[in-house]
2 protein chains.
Amino acid sequence: MLEARLEQAQLLKKVVEAIKDLVQDCNFDCNDSGIALQAMDNSHVALVSMTLKAEGFSPYRCDRNIVLGVNLTSLMKVLRAAQNEDILTLKAEDAPDSLNLVFESSSNDRISEYDLKLMDIDQEHLGIPETEYASTIAMPSAEFRRICNDLNAVSESVTIEASKEGVKFSCNGDIGNGSVTLRQHTDVEKPDTNIEIELTEPVSLTFSLKYLTNFCKASGLSTQVKICLSNEVPLLVEYNLSGSSFLRFYLAPKIGDEE
Amino acid sequence: MLEARLEQAQLLKKVVEAIKDLVQDCNFDCNDSGIALQAMDNSHVALVSMTLKAEGFSPYRCDRNIVLGVNLTSLMKVLRAAQNEDILTLKAEDAPDSLNLVFESSSNDRISEYDLKLMDIDQEHLGIPETEYASTIAMPSAEFRRICNDLNAVSESVTIEASKEGVKFSCNGDIGNGSVTLRQHTDVEKPDTNIEIELTEPVSLTFSLKYLTNFCKASGLSTQVKICLSNEVPLLVEYNLSGSSFLRFYLAPKIGDEE
DNA sequence: GTGGCTATGT
DNA sequence: ACATAGCCAC
């Protein structure tokens, strides 16, 4: 059986909020190392990969592999019942037909309990190759969100160019064009505001802003975001959660005339 | 004639806001003790009972009984003209065909005046029996609203069970089920947050969440709400206003297969 | 001044 | 159902 106690119910709430527009139904794969989720969006352009490590829970217990097939819209309805400081415990049997969620108020005078019906979801196995990226950009997640939202007002897609001078987000649209250029910036006093650019080779790729703005719903989960690029390879947008848990989004670049 | 001056126009505004979705037209019965309203909703499942005592007005004057037949949608349109700190004076003749509403800004530099046409409404007399309830729960009105809204995401009806352990709100729906359990809680420092459960006998009753969430629109009128239950008797949801004025909602329980 | 919550409109 | 804007609390 699974029993996983999460001090911050809102962590799961934010994760589901960030991915429910991309994926309707998906499997949460639980084993002794934690809870993981991989799913493609309906149009098979984007891929979501989340891992919540066992260490992020206290306690965490999962004797054997359990697959929880969840409708994320229904899960979201339940998670909305979590108040800000609630502690969430997830429980499921070994061959579950429902997932049990218990919210305890920190003051302990309120307990809410929900059973969410599960479903069988065909698991298309998603091999996500480990990739050495040509460029990796770390920046404040709020800044990335701002850039995507701003450029989204001008165009449907953005070209991201990383070079040793910095990183440039640019787009062309009917009403005109726009670009934002960032250069490296480190402040030991405020590491959250750092912009770090690693580069082995210049890259220039174009992506759909609709997806990127969607990914940016996860900004609340982490002050920093990592953007990994290689030519002709899907972009990786990574939010690191506490204790080596993470939420990653992959997005195939647009090619040629699509741009 | 009636002349009633209400320091807080928004009191009446909130009351009408809370009941206008249940009742379209109703009589305001005015006499020397105050202004009262009783009405059933269209489907005759819920009943609203409001009393604004004369003491809540200053001054208050009503020589003889006056019945004001009001369309609440029209009244609401007029009350929306009230600003936050406005003082409201209600005036009517003895056999009125209109209700006069005057809004004065507290700084006294603006006066708005409206005359609302009245209508004849057949008064079905509603005898509301005094009941000794098997259980009475007092709790923060915001918390009750939160519970009703959360459970409303899962199901159309809620079962309220009061026992000596506490009170449990539970529901069953297509996507799963949910419950919220509260236990007694008193804090002399913050009496607004108290949860008090009186019980002479355990009760378990099921109600439509559509109506309950509707009642909860009155939450802004009082920090606390009182929920009174007896088996097979309509639920009473009571919001106490200043000076023994009150707004009460009654709701017949669902029985048997309806649940 | 900031953040959370509620209510409302699309 | 989502996003926004106003309100209230911290």
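Values below: every heavy atom of this structure, side chains too, minus hydrogens, waters and symmetry copies.
At a cut-off of 3.5 Å, with distance as the only test, a side-chain donor of B:T206 or B:T159 sits close to an acceptor on the other residue.
Applying the side-chain contact (heavy atoms from CB on, under 4.5 Å) criterion to A:T223, with sequence neighbours excluded, gives A:D192. Taking B:N194 as the reference, nothing meets the side chain to side chain donor-acceptor pair (under 3.5 Å) condition, with sequence neighbours excluded. For A:D21, the side-chain contact (heavy atoms from CB on, under 4.5 Å) partners two or more places apart in sequence, or in a different chain, are A:N214, A:K217.
Taking 4.0 Å as the cut-off between side-chain N and carboxylate O, A:E143 and A:R145 do not count as a salt-bridged pair.
When the P atom of C:dA7 is taken as reference, atom CG of B:L221 falls 12 Å away, rounded to whole Å. Rounded to an integer number of Å, the gap from CD of A:E85 to P of C:dG4 is 9 Å. The nearest whole Å value for the distance from the CD atom in A:E17 to the P atom in D:dA3 is 8 Å. Across the protein-nucleic acid pair, B:N152 atom CG and C:dT6 atom P stand 15 Å apart, rounded to whole Å. Atom-to-atom, NZ of A:K20 to P of D:dA1 comes out at 10 Å; the value is rounded to the nearest Å. In this structure, A:L72 places its CG atom 12 Å from P of D:dC2, rounding to the nearest Å. Going from atom CD of A:Q10 over to atom P of C:dG4 covers 8 Å, rounded to whole Å. Whole-Å rounding puts the B:K14 NZ to C:dT8 C1' distance at 16 Å.
Residue A:R80 places at least one side-chain N or O closer than 4.0 Å to OP1 or OP2 of D:dC2. OP1 or OP2 of C:dA7 sits under 4.0 Å from a side-chain N or O of B:R145.
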Give the table of side-chain donor-acceptor pairs shorter than 3.5 Å for residues 239-251 of chain A, with sequence neighbours excluded, one pair per line with atom names and distance.
unit_1 : atom_1 : unit_2 : atom_2 : d
A:N240 : ND2    : A:E238 : OE2    : 3.3
A:S245 : OG     : A:K53  : N      : 2.8
A:R248 : NE     : A:E238 : OE1    : 2.8

Tabulate atom names and distances for all N/O pairs under 3.5 angstrom spanning the protein and nucleotides 4-9 of chain D.
none

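Taking every side-chain heavy atom of A:D21 into account, D:dC2 is the closest of D:dA1, D:dC2, C:dT8. Side-chain proximity of A:K217 to D:dA1, C:dA7, D:dA3: nearest is D:dA3.
Sorted by first and then second residue, the side-chain hydrogen bond (donor to acceptor under 3.5 Å, both in side chains) pairs involving residues 176-188 of chain B (not counting sequence neighbours) are A:D109-B:H185.
Using a 4.0 Å heavy-atom cutoff across all strands shown, B:R146 reaches no nucleic acid atom at all.
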